[in-house]
Structures are given as structure tokens and as C-alpha cells.
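Okay, structure first, notes after.
To find a chain, count down the sequence lines: A is the first, B the second, and so on, and within it residues start at 1.
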Protein chains: 2
Amino acid sequence: MEKPLSGRFRVLDSIRRGGPISRVEIADACGLSRSAVTGVVQSLQHEGWITEVQELAHGNGNGEDPARHDPGRGRPRVNLDMNPNAAHVLGVKLSLHRMSVAVTDFRGDVLHTTTLPFNGSQHPDIAADMIEVGVRRCLIEAKIDKNRVLGLCVAIPGYINNLEGLCYWSPIFDRDDVAFGPLLSERFPFPASIENDANVVTLAEHWFGEGRNLSSFAVVTVEHGIGMGLVTHDRLYRGHNGIGPEFGHAKIEFSGRPCRCGQLGCVEAYAADYAILRQVLPHFSLDSYSQDPKAYHVEIERITAEAKAGDQALTAEFAKAGRILGRAIGNLIATLNPPKVIVTGEGLRAGEMLFAPLVKEARKLQLAGNRFETEIVAHLWGDDVWARGAAALVLQQAYMDPPALIRDSAPDSAELPSQALA
Amino acid sequence: MEKPLSGRFRVLDSIRRGGPISRVEIADACGLSRSAVTGVVQSLQHEGWITEVQELAHGNGNGEDPARHDPGRGRPRVNLDMNPNAAHVLGVKLSLHRMSVAVTDFRGDVLHTTTLPFNGSQHPDIAADMIEVGVRRCLIEAKIDKNRVLGLCVAIPGYINNLEGLCYWSPIFDRDDVAFGPLLSERFPFPASIENDANVVTLAEHWFGEGRNLSSFAVVTVEHGIGMGLVTHDRLYRGHNGIGPEFGHAKIEFSGRPCRCGQLGCVEAYAADYAILRQVLPHFSLDSYSQDPKAYHVEIERITAEAKAGDQALTAEFAKAGRILGRAIGNLIATLNPPKVIVTGEGLRAGEMLFAPLVKEARKLQLAGNRFETEIVAHLWGDDVWARGAAALVLQQAYMDPPALIRDSAPDSAELPSQALA
């Protein structure tokens, strides 16, 4: 059996989502008994991760009805909330043309982001150098001591084994089988890990976004390629050997357009940035695929702007991409019937001219007998949120088990949180 | 958050899977601390669900190396094992032409099965009558007192909401929206529930079969239609509102063959029993779909036998069905990348003439870069195993929380299991 989500994780995550929140509400939210919650809360307070806040009966600060919680008229109610400054974590998102670094507090709120140019097909040592530069700059700009950082996670497109820090393949590197996690760990005084970028944006949706209140949902990412992430039973689903879904290579037409993977008819061969681009600009054919990755980015942005300005031929290309993606999402719904599918990624810059045909096609494919329609939503957000998702992955680990930082310096007796961590 | 798998479930399931097993091994298997395991074990022993067994150092009965566990040479080691006779549960599988009833012990081992004819498109009251007859007969034949039965689960093809006992649609009934769970509960002195049949066979694979040691895997069922079940994070995945995957209606060709659902190109329109039949025998067309469901069963068995006997045209039909199903499974692997896909159901009576082309096609679609091949296995087993899966669903609930049977009659002090439950 997998290691379960620990009581520590459940309590911290409930406080992060609902705080300030009472012990009783925590027990309800996280499915644990009240006595179990009391024990966990006690040690979290002792270690300085959470703190008690007293509120008067006139409201709990959430705009909720205070009468629901308050046992006695006018008596102050004692809630629990995160101590956001208890520690910090770092998240990095690498794409073919850019690097984003985010530093967050213990609640996952972004304190600062730094964006730097980046080039794909990089030597791993150079990629690590650049991450080191980006991280150092971000911490300096945010005035955060590196010794207060619990860890770093780097989000990378490609085949990633998060557990062992292995990158089997990525357009980011000039080679296969890079032990990038261990390579990064040598450079920082805190643990460093890597994760597939679609997985971290899925975690970001679960922690902060459209999947915030759901135990299961799917995320489809439209970028240079097409990716997917999945949450089931409140947890990120990772496939065989940590290599998650490769939804971009689900087939829509079995003798269809050639995909960059070498096969025919994959959904990304119709709907990803590179696929739209090669339909419109012949010099972006698969044969010339190794050209400057930044050119793709510049050109797809230009084409999208021209389509939005009224170019009918271009609009039709985006609509077709949307319809094909709608078919793939229709099949995804048939396969998983999730309550929600969240479509995100830079490809959504095309807006309704891609998304409206997508939803229409997916709805057309829905089974008549199934009257519980899967919600399909578009969620366009920037690279900093992917970095925030990577940071959340570090926090997830720190919520599961006490991080070393604190384990080594745990106070002998209960002190104020700010003292406990000074 | 979903209610977590309880410590009680984790400990009981580890003992069921590995017993006789030591406390230390249980802690390793179920991801709990040793102290947590000790507490749970104590109350399970007290309630009579598990029992201590002493073993000599020369082996633990599992054929494993005893030195790994045994702390002192020749000293008897104390293990824990299920008390299988602590209680019984019932599972029923309904198909268009047959009903199977299984009664199992507390470990899920089948003690007896009863099979009766059944007709689809039935009035719910009549279906309930027939289930009552089948259950009564099974208990009499097995000589089991109905007061020792913890519960009953009925597996039904169609749209089922297990939580509320609602059947939105099923070929089993002559109408939609049947509150069949509550209807059954009135007839028995124990709780009765319903579940989608693909979900229960998936649970059977997880508890007893090809998915026994996996935290995630997918099951594809080939019967009159095509279904799917999914385990992630050690639990059955249920989709939106409890309505799980409708994989049979994932599209393979978007303007392809008409499906009985009214759409075009669904995988089951090529690979399900009914689809093969209508290709071969024109009077099984979609237009004549309401004919006697038993005729499908009789004829598909006959055709399969003729194909196996060497009829080339028929063999080609089965091969085509296998290829199309292989494409759908290729897309399923792209979408989920599970460690294993288990293909099961009566459609596997066709054996290698269906399964070999299936595997070949699915392999052809596998991404070159992904070197962790999803295992694809065929697992042909009978209706009694579906019924056993339904029984396992009742046991799952009984493992999660103490069942009422015991809660009402818990002994005040530790007694022998047989006495505790007398």
C-alpha cells in the first residue's frame, strides 16, 4: 500500500485551506477524529508551524456566520491558523524559452518571483548553473535567508521520475537520462527535486486554483506540446514508474497527421502550439524541428494576435485545434468521468476562438444517459503559478513529515512561533 | 478531503493479504507506525476479527525465509491472522442472462456460489424477488445463518451511484432511476448496496487477482458492452457522482460505426459481443436491438466456437475487434500510463484470436521514449468472481468501520473469537 497522507498533512492542509479554523472544523474537513486532531495540533503548535488566534463573536474573519461556530454569546472563540513565516520554499518552472522562480511562505503564498530567459536543449550543468543564478537572485530580491528555505522543486516538461530525481527525456536538456535532482541537490543547502510540469500545475490547481475543493479532477495543459495531470483521492496521480499521463499522444485519427513523437494522429499534432504553427508557416515543419525554440514562441504569439485581429484563415486553424482537443477531452471524460476538466497553459492565449469549439465538441460527445456533466473550464495563468505549484510540492512533503530544518532545532518547550524558529 | 482508509482497514487488509503476518510486517505493509498498528490489532483481537497464531522458527507457512523475521533461534514467533469465520458477506452479479450469488467468509474466500437464470429489462420488484430467492438458496446450500451476514452488494451493468443505491440506467431494468439499494435493503435483515459491475470486478482484481499487489491499475471488461474500472492510490476510482468510467464510449473513429448509445465510432461498437455479432449475423442489427438478450449470449458463444474451429471470416472479425480494442487501450495507456491493464469479461472466451492482435496494436501505439511498458494481461474468470468482488465491497466497508453486527454485541472482555461472535 502507498504511504497514507499523514494526519500531520491532513491537519496542516485543512488549516491552510480553511484557516482561521476551529479544531472541530479541522476534524470535519480532514476526516480524522477530534482526538487525533487535538494531538496533531498540539505538536504543530509546539513546533511553531501553526498558531492560535482568538476571535470575538462578531465574526470569524471569513465573512461566515459566527453563530454557527460560537458556543457562547460574546465569548472569544479560539481558532488555528498557519504561521506563514515558519519557513519558505522555492519553485522553479523551466520552459523552452524562460525560467520562473517563485519563493513562497509556509502557506504557499508567493512572496516574490524572478523571471529569466532560458534556452532549451541545454547541457544539464549549464541548466543547473542558471537555476542557481535564478534562485540566488530571487532570494536576494525577496530578502530571504537561504537557511530558512525547506527545499526546492524544479518543474520540467518531459519524462520525469520525481522519486529518484531522474529526467529520462526533456526538450530542456541536450541528452537523455539526466540525474538532475541529485545534481541540483549538491548545489543547494536544502533538498532539491524535479517534477513533470503538468503535474506541478495540477498541484497548483489543487492547492490554490480551480481544483481547490475537489478530491478528483483532470488538468489538460496546452503549450508547445500537450500534457495532462490528474488528482484522484486528494492526491496527484503518478503513473508507472512516476511517469504520468502522456495525453498529448492519445490518438484522434489513427492515420492522421504526423506527430513529433514519430507516430500519427496524436492530439498534440493538431492542437499544440507547434502543430498550429506548422499549419500556418511551412518553415515550422517537423523536418526543421530543431530550429531555435524561441522562434516558436515569438511566432505563435504573433499568429494568435493576427487571428484575434480578424484573420479568418488563422481563426479557422485555432477553431480546428479546439475541436480536435475537444474530441480528446471527450474521450478523457468517457475514460475518467471526472467532475471537472481544467484546460490551462499558454495555448489558452487564443481564448474563446480555441476554447469555445473545444467545449462544444466535448459536449457533443457526452453520453446521453450521463446527466452529471463534467465541468470544463479554461484557466489561463502565468509561469509563476507553475513555479508556485512546484513550491507546493515541497510544502506537501513538509506537511507530510516534519522537515529536517525543524527536526534539528525543535525547541524543548512550547515557545512563540517566531522564537521557535529564530 | 475524502475520508481516509482507516487504520482498521489498513491493518485488516494487510493481514488478509499477508497473514499469518507479524505486527512489524503489518506496519511495513500498510504504511502505519508500529504503535498505531499495536493499538488497532488489540481492538481487532478483542472484537474477534483476528487471532494470534504461534509458529516455530522453521518457517512461516508462506514459503518465505524464516530468518528474515525470527528474532531468536528456535523461539516461536507470534503472528496474526484473520478469523475467517468471524462473519460472512454476500455478493451478487446480475447480467442479461444470468444471476450469480456468492457467499464469502470474512477473508473474502468464497464458501459457496449459486447460479440462476435471469432476464434483463426486468421490473425492479421482480429483479429484487429473484435476488431474494438466489440469496436464500445460496445461504441454505452453504448452511449459513442470515444473522451472521454483514451485508450484500449487487453488481449491475449501467450507471450506478453506489453511495445512494441509485441505478440511473441499466439494461437489467425496464425503467430508469431505480432506487434499487433502498428497495433491496427492505428485504434483508442486513444492509444491501449496489455497484457498477466493472467496478466490482476491478475490486476483485485488487483483492484477489492480477491487481493484488498494485496501488494503481486499470481493468477493461469485454462483455455484451465494454466497461472499465480503475484503482488509484489503493482505492477504487469513482467518477463524478459515483458514475465511473464509460470507456466503452471512448471514440476510435469519429465518423465510424453507430453505437447503441446513439453516437458514432465508440470502441464498443467494434469490439463488444453485440458489435461482433451484428457484423456476422445481420438480424442482430441495432434496429432489432430489443430482441431477447439471451439470444446474443447463445449466438456469440456459437460464433466464437466456429471461429476457433477454423472459420477464417469469423477469425478476421475477432482479430479486427481485438485491434480496435488495442487502439482504445493504447489511448488509455497514453492517458493514464498505469503499471498494468487487465482485460477481462466473457468476451475473452475468444482467447488469443482477439487478445493477440489487441496487445500487438496497443504496443505499436506506445511512445518510443517511455521505456516502462504497461503490462497488458488477459484474465478470464467466471461470474462467480464478479460476485466475489461485490462481496469484497461489503468487506471493504466492514474493514473500514466496525460493522453494526459486532458493535451491538461486542464482548466486555477479550474472549476466544468463536465465543465473541457466538
message: With a 6.0 Å cut-off (strictly less than), is the heavy-atom count around CZ of A/Arg175, excluding the residue itself, greater than 12?
response: yes
Partner residues of A/Tyr399 under the ring-ring contact (aromatic ring centres under 6.0 Å, His included) criterion, sequence neighbours left out: A/Phe106, A/Trp207
message: Are B/Asn331 and A/Phe254 packed together at the side-chain level, in the sense that at least one heavy-atom pair is separated by less than 4.5 angstrom?
response: yes
message: Within residues 262-269 of chain B, which residues come under 4.5 Å of chain A, heavy atom to heavy atom?
response: B/Gln263
query: Does a side-chain heavy-atom distance below 4.5 Å link B/Pro338 with A/His240?
result: no
message: Looking only at heavy atoms and a cut-off of under 4.5 Å, which of A/Ser215, A/Gly31, A/Ala218 has the most pairs with chain B?
response: A/Ser215
- line: Bottom line for B/Asn161: the part with an atom under 4.5 Å from chain A's heavy atoms is neither
task: Tabulate, in ascending numerical order, the residues of residues 229-237 of chain A having at least one heavy atom closer than 4.5 Å to a heavy atom of chain B, or enter 'none'.
output: A/Leu230, A/Thr232, A/His233, A/Asp234, A/Arg235, A/Leu236, A/Tyr237
- prompt: Among A/Arg238, A/His249, A/Glu253, who wins on heavy-atom pairs under 4.5 Å with chain B?
  reply: A/His249
message: Quick check on A/Lys364 against chain B: is it the side chain, the backbone, both or neither that has a heavy atom closer than 4.5 Å?
response: backbone
query: Is B/Arg212 atom CZ crowded by more than 12 heavy atoms from other residues, nucleotides or ligands, each under 6.0 Å away?
result: yes
- line: If you tally heavy-atom pairs under 4.5 Å between each of B/Ala29, B/Gly239, B/Gly248, B/Pro4 and chain A, the highest tally belongs to B/Pro4
query: Which bit of B/Thr335 is near chain A, if near means a heavy-atom gap under 4.5 Å: side chain, backbone, both or neither?
result: both
query: Out of A/Lys251, A/Arg17, A/Arg327, which one racks up the most heavy-atom pairs below 4.5 Å with chain B?
result: A/Arg327
query: chain B heavy atoms under 4.5 Å from A/Leu336: which part of the residue, side chain, backbone, both or neither?
result: both
message: If you count heavy-atom pairs within less than 4.5 Å of chain A, which of B/Asp176, B/Leu5, B/Asp177, B/Asp13 leads?
response: B/Asp177
field: Any donor-acceptor N/O pair, B/Asn337 side chain to A/Pro245 backbone, under 3.5 Å
entry: no
query: Most heavy-atom pairs under 4.5 angstrom with chain A, which of B/Asn213, B/Leu214, B/Ile252, B/Asp28?
result: B/Ile252
field: Results of salt bridge (Lys or Arg N to Asp or Glu O under 4.0 Å) for A/Arg10 - residues two or more places apart only
entry: none
query: Atom SG in A/Cys259, atom CG in B/Leu367: separation rounded to 0.5 Å?
result: 7.5 Å
